[in-house]
Amino acid sequence: MSRTRILLSLGALLALTAARDARAQTFTYHPPGDLIEGSGQGRVDDKIYAPGMRFPMEMAPAFANSQVYNPGGYLGPAGSQCDAFNFSYPWRDNYCEIRSWDMPLCPAGTGHQGQDIRAASCEKNVHWVVAATDGTITNVGSYSVYLTDASGNRFDYLHMGSVQVAVGNEVTRGQRIGKVSNEFGGTPTSVHLHFNLRQYVDGVGTVYVPPYLSLITSYQDLVGGPAKGALEGVGCDVIRGWAVQVQDPQTPITVELGFGQNGVVTHTAERLADAYRDDLCENVGYCNHGLRVPSPLSLFDGTSWDVSAASLDEDAGSTLAGSPLTLQCDPPELSGAKRALADLDGWTLDAFWDAPPTDAGAVEALPAGKPMATSPTVWRDASGDLWIYDEPFDLVRRLSDDAALAWRIAPALIEDKADLSAYTVGDDWPARPILLSDDAGEYLLDTKNPAVIGDGDVDDPTQPTPEGSGDADSGCGCEAPGRGPISGGPLAAACLLLGLALRRRRR
């Protein structure tokens with residue numbers, strides 16, 4: 001076998017490996033108009049010009065990217081057209097890439113007319129190309145096939161081999177019409193499908209329009225139905241992932257989580273994938289589709305639990321890539337004070353999510369603090385920070401964004417209160433609710449503010465321990481919201497005296 005054929009065979013093997021890996025990856029793509037640096041100025045266009053079309057290849061995976069500026073292309077980096085980089089996500093737009101064709105919709109007025117797409121490997125005449133819609137074959141050239149629908153929109157296929165159609169043939173959506181190849185009128189190009197959309201645009205005329213988003217939405221349908229996403233991680237802190245509705249990508253979608261063992265799902269829950277993530281802005285094109293859910297404490301029993309995730313919409317659901325994953329966590333150590341809870345519903349608590357496996361004796365042994373208020377009072381200050389008013393102590397405690405999520409603080413519960421300077425600042429509110437119970441009742445564990453009942457009195461540590469002091473009883477960090485720590489003056493002296501008194505008492 002010649003050296004060239006050996007290299008091509010190795011390249012094909014690498015591409016096949018990359019394609020197999022891509023099937024297990026989450027489909028991602030760069031935004032429309034984001035071309036490879038130095039390859040021209042793309043068109044930023046969020047319009048789907050061919051809604052509902054079928055993806056033009058029969059099988060996934062497929063990879064939309066440049067065949068000129070990627071490895072193996074005559075203006076690309078060193079490497080073979082079979083380089084694994086060409087057969088991996090994310091996709092990349094190359095409509096309007098530098099060419100000499102007249103293109104009224106391109107910023108330069110000239111450019112590449114459509115989108116290059118590679119099949120699962122760089123082998124030619126292997127992977128089927130199919131009709132994107134019902135229509136008529138209106139041209140078969142030396143390296144091009146045109147399909148025109150009833151509205152006059154034209155779908156162009158370039159560089160196919162094993163062409164299965166002739167001019168005048170009526171074809172149906174999904175019908176095989178040829179195979180991905182490298183035909184170029186007798187001059188071979190790289191193995192890929194060049195795909196165009198040509199239609200009438202008001203004020204411009206009949207022109208080549210951007211096919212990129214139409215390809216993205218049709219590919220989503222091919223690989224997973226009307227919604228896509230991934231279950232990315234399951235840990236003892238959070239379950240994380242993302243999900244997006246393809247046909248309405250701006251609206252967050254609901255995800256159904258399933259929990260079970262030995263293939264049997266014993267509990268399900270629905271959560272909205274609406275968390276902001278910078279990486280989704282780049283890779284998905286929309287930012288508010290992150291899934292971030294605190295892991296259910298009731299499953300923290302030291303055994304393995306299967307966690308599955310599927311995106312939901314009005315018509316169907318689709319399993320998120322990476323699902324299922326395994327959760328295995330030991331019961332949390334109990335430290336702090338138990339605070340009696342009169343109303344579970346007032347705090348929107350749930351035993352599945354918030355109650356870890358515990359020993360009744362361990363709960364009984366915990367020191368008791370002041371009872372919880374019947375429901376949370378949450379304020380947003382002028383800077384946008386969240387605070388919980390800890391009513392029994394008459395102080396405010398900072399509530400982080402993650403803690404607000406874990407405590408299921410609904411936006412309707414949050415009141416604007418610009419000035420909180422009249423309130424004493426306590427320790428931060430606990431990161432998540434931990435629900436406990438014994439024969440005497442139900443409690444919330446306060447890990448941050450361990451007020452305990454001693455000899456009939458309640459210690460009231462209304463000031464937080466200075467961060468990094470290394471001594472939990474070393475005094476207090478007097479602070480007012482928006483004012484910072486108080487470092488001098490009579491109030492600071494009083495704070496110091498209070499801290500010393502508390503230390504003597506605890507000894």
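Counting begins at 1 with the first residue of the sequence. Predicted model only: the values in this text are computed from it and were never measured.
- Surrounding NZ of Lys179 are more than 12 heavy atoms belonging to other residues, nucleotides or ligands, all under 6.0 Å away.
- Taking a cutoff of 4.0 Å between a charged side-chain nitrogen and a carboxylate oxygen, Asp416 and Arg380 qualify as a salt bridge.
- Ring centroid separation for the pair Trp407 and Trp429 comes in under the 6.0 Å cut-off.
- In this model, no donor atom of one side chain and acceptor atom of the other lie less than 3.5 Å apart for Thr254 and Glu270.
- When ring centroids are compared, Tyr95 and His112 stay outside the 6.0 Å threshold.
- In plain terms, the two heavy atoms of Phe85 and Asp83 that are nearest each other are N-OD1, 2.9 Å.
- Note: Gln199 CD to Asp149 CG = 8.5 Å, rounded to the nearest 0.5 Å.
- Taking the ring centroids of Tyr423 and Trp379, they lie under the 6.0 Å cut-off.
- Salt-bridge annotation for Arg198 and Asp156: absent, with no side-chain N of the basic residue lying under 4.0 Å from a carboxylate O of the acidic one.
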Derivation of the side-chain hydrogen bond (donor to acceptor under 3.5 Å, both in side chains) call for Thr268 and Glu256: CA-CA 7 Å; Thr268 61; Glu256 182 180 74; 4.5 Å; no

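- The two residues Asn86 and Pro71 make their nearest non-hydrogen contact at ND2-O, 2.9 Å.
- Taking 4.0 Å as the cut-off between side-chain N and carboxylate O, Glu58 and Arg176 count as a salt-bridged pair.
- Asp385 has a carboxylate O that lies under 4.0 Å from a charged side-chain N of Arg398, or vice versa, which qualifies the two as a salt bridge.
- Atom CZ of Arg397 is separated from atom CG of Asp428 by 8.5 Å, given to the nearest 0.5 angstrom.
- Between the side chains of Thr148 and Thr136, no donor N or O sits under 3.5 Å from an acceptor N or O.
- Salt bridge Asp45/Arg43: present, at least one basic N to carboxylate O contact under 4.0 Å.
- Ring centers of Tyr29 and Phe27: under 6.0 Å apart, within the cut-off.
- Formation of a donor-acceptor pair under 3.5 Å by the His159 side chain with backbone atoms of Asn182 is not found in this model.
- Side-chain atoms of Trp305 never come within 3.5 Å of backbone atoms of Cys329 as a donor-acceptor pair (strictly under, hydrogens ignored).
- Under the 6.0 Å cut-off for aromatic ring centres, Phe352 and Phe259 qualify, their centroids lying closer than that.
- The distance from the CG atom of Leu327 to the CD1 atom of Ile239 is 6.5 Å, given to the nearest 0.5 Å.
- For Arg408 and Asp354, the salt-bridge test passes: some basic side-chain N is under 4.0 Å from an acidic carboxylate O.
- Closest heavy-atom contact between Phe87 and Gln81: CE1-O, 3.4 Å.
- A side-chain donor-acceptor contact under 3.5 Å links Asn169 to the backbone of Ala166.
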Let me see the working for Val68 and Arg99 under side-chain contact (heavy atoms from CB on, under 4.5 Å), right down to the final yes or no. CA-CA 11 Å; Val68 170; Arg99 300 289 195 280; 3.3 Å; yes

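- Here Arg54 contributes atom CZ and Thr172 contributes atom OG1; the two are 11.0 Å apart, rounded to the nearest 0.5 Å.
- Annotation for Ala406 and Pro433: closest pair O-CD, 3.5 Å, computed over non-hydrogen atoms.
- Shown here for Ala309 and Ser323, the closest heavy-atom pair between the two residues is N-OG, 3.0 Å.
- Remark: Arg271 pairs with no residue by the salt bridge (charged side-chain N to carboxylate O under 4.0 Å, His left out) rule, at least two apart or across chains.
- Ring-centre distance between Trp101 and Tyr208: not below the 6.0 Å cut-off.
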Just do the side-chain hydrogen bond (donor to acceptor under 3.5 Å, both in side chains) check on Asp274 and Tyr276 with the steps written out, would you? CA-CA 7 Å; Asp274 63 349; Tyr276 180 92; over 6 Å; no

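- Other residues, nucleotides and ligands contribute more than 12 heavy atoms inside 6.0 Å of the CG atom of Asn139.
- A cation-pi arrangement is not found for Arg118 relative to Phe63, the charged atom failing to lie both closer than 6.0 Å to the ring centre and inside a 45° cone about the ring normal.
- Taking CG of Leu435 as the start and CH2 of Trp353 as the end, the distance is 14.5 Å to the nearest 0.5 Å.
- Residues Asp419 and Ser421 bring a donor and an acceptor atom of their side chains to less than 3.5 Å of each other.
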Apply side-chain hydrogen bond (donor to acceptor under 3.5 Å, both in side chains) to residues Ser304 and Gln261 and explain how you reach the verdict. CA-CA 7 Å; Ser304 294; Gln261 291 179 313; over 6 Å; no

Take Gln115 and Leu215 through the side-chain contact (heavy atoms from CB on, under 4.5 Å) test and state the conclusion after the steps. CA-CA 9 Å; Gln115 178 66 45; Leu215 290 166; 3.6 Å; yes

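- In summary, the side chains of Ser400 and Asp402 do not present any donor paired with an acceptor at a separation below 3.5 Å, with no hydrogens or angles considered.
- Distance OG/Ser190 to NZ/Lys124: 12.0 Å, rounded to 0.5 Å.
- The closest donor-acceptor contact from the side chain of Glu183 to the backbone of Ser181 lies at 3.5 Å or more, if one exists at all.
- In terms of heavy-atom proximity, Met160 sits nearest to Gly178 at SD-CA, 3.8 Å.
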Derivation of the side-chain hydrogen bond (donor to acceptor under 3.5 Å, both in side chains) call for Asp116 and Asn94: CA-CA 7 Å; Asp116 295 333; Asn94 77 319; 2.9 Å; yes

